[in-house]
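Working notes, beginning with the structure itself.
Residue numbers count from 1 along this sequence. The analysis underlying the following values was restricted to heavy atoms, covering all of them including side chains, and did not include hydrogens, waters or symmetry mates. Whatever order the structure lists them in is the order used to number ligands and atoms, beginning at 1.
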Amino acid sequence: MKGIVFTGLLDMVEEQYGYELVDELLTENDLPSGGIYTTIGTYDHAEMVTLVRALQQKTGIPIPDLLRVYGHYTFRSFSRSYRMFIDQATSAFELLNSVQHYIHVEVRKLYPDAELPQFIIDKLTDKTMIMRYESERKMADFAYGMIEGCLDHFQEKATISMADLSGDGSRVEFTIQKE
Ligand code: HEM
């Protein structure tokens, strides 16, 4: 998993809870990297799981909620640092529809070792989008937050529902219904 995902998480924790909690997360957990992340470095996904579990214990916030808020935060931060990818779209559906065949393709050019999910669009009309998420990393809640962040960015309102097709979080269907 790319360092940018780790530094983003730690930035969010610092912003919301202060540096002390970041320090505790990094020193109280067994992190093979030593807790030193650079944005372009690559680290074991297991370290992300360790950090999110520890954060859940410290804050009492359930892991799915933490991942969702983190996804939302990440979209906002990506919309600043990767504006060129966001600006090519004029609506949330257009952007979400471009993640698999454009945005994440460009991400892979920048970071050849990125571990990216698959997104399959099963239905797309003016009002409804059905998008399937597939990844061994089981970060659908993070994807949920990214979708929320994307809707906010375009100032659009929609209801998002989520169905776990695999039972273990590796294949999840999102239905995004605009008002
Ligand atoms: C400017 C837009 C975007 C950029 C620059 C971007 C970039 C990235 C990067 C760098 C990673 C980390 C890869 C790794 O750790 O090896 C990632 C992972 C991920 N991205 Fe994107 N992304 C964007 C938009 C989106 C959107 C809109 C969604 C949701 C619909 C999304 C869903 C995910 C998920 C769920 C992961 C976690 C990895 C996994 O689940 O397997 N991304 N993305």
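Here is the list of ligand 1 atoms found below 4.0 Å of a heavy atom in Met131: 30 (C). Here is the list of ligand 1 atoms found below 4.0 Å of a heavy atom in Ala114: 13 (C), 16 (O). Near Phe119, meaning under 4.0 Å from one of its heavy atoms, ligand 1 places the atoms 29 (C), 30 (C), 32 (C).
The protein non-hydrogen atom at the shortest distance from atom 40 (O) of ligand 1 is Tyr133 OH, 2.6 Å. For atom 13 (C) of ligand 1, the closest heavy atom belonging to the protein is Glu115 O, 3.6 Å. Annotation: atom 39 (C) of ligand 1 to nearest protein heavy atom, Ser135 OG, 3.5 Å. In terms of protein heavy-atom proximity, atom 14 (C) of ligand 1 is nearest to Lys2 N, 3.3 Å. Given atom 12 (C) of ligand 1, the protein heavy atom at minimum distance is Val5 CG2, 3.5 Å.
In this structure, Lys138 and Asp168 approach most closely via the heavy-atom pair CD-O, 3.1 Å. Here the closest heavy-atom approach between residue Tyr111 and residue Ile4 is recorded as OH-CD1, 4.3 Å.
More than 12 heavy-atom neighbours from other residues, nucleotides or ligands sit within 6.0 angstrom of CD on Glu28. Within 6.0 Å of CG in Asp87 there are more than 12 heavy atoms belonging to other residues, nucleotides or ligands. In this structure, Arg108 places its CZ atom where more than 12 heavy-atom neighbours from other residues, nucleotides or ligands lie under 6.0 Å away.
Without hydrogens or angle criteria, Asp164 side chain to Gly167 main chain gives a donor-acceptor distance under 3.5 Å. In this structure, Gln100 contributes its side chain and Phe119 its backbone to a donor-acceptor pair below 3.5 Å.
Contact annotation for Glu136 and ligand 1: no heavy atom of the residue comes within less than 4.0 Å of the ligand. Contact annotation: for Ile86 versus ligand 1, heavy atoms closer than 4.0 Å belong to the side chain alone. Contacts of Arg137 with ligand 1, taken as heavy-atom pairs under 4.0 Å, involve the side chain alone.
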Which donor-acceptor pairs under 3.5 Å do the side chains of residues 153-160 make with protein atoms, sequence neighbours left out?
from   : atom 1 : to     : atom 2 : distance (Å)
Glu156 : OE1    : Lys178 : NZ     : 3.0
Glu156 : OE2    : Ala92  : N      : 2.9

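Residue contacts with ligand 1 leave out Glu106, since none of its heavy atoms falls under 4.0 Å from the ligand.
Taking 4.0 Å as the cut-off between side-chain N and carboxylate O, Arg68 and Asp141 do not count as a salt-bridged pair.
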* Under the side-chain hydrogen bond (donor to acceptor under 3.5 Å, both in side chains) rule, what do Gln118 and Ser135 come out as? Steps first, then yes or no, please. => CA-CA 6 Å; Gln118 294 286 320; Ser135 169; over 6 Å; no
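Within the protein, the N, O or S atoms lying under 2.8 Å from atom 21 (Fe) of ligand 1 are His104 NE2.
Every residue two or more places apart in sequence or in another chain was checked for a salt bridge (charged side-chain N to carboxylate O under 4.0 Å, His left out) with Asp30, and none qualifies. Considering only residues two or more places apart in sequence or on other chains, Glu115 meets the salt bridge (charged side-chain N to carboxylate O under 4.0 Å, His left out) condition with none of them.
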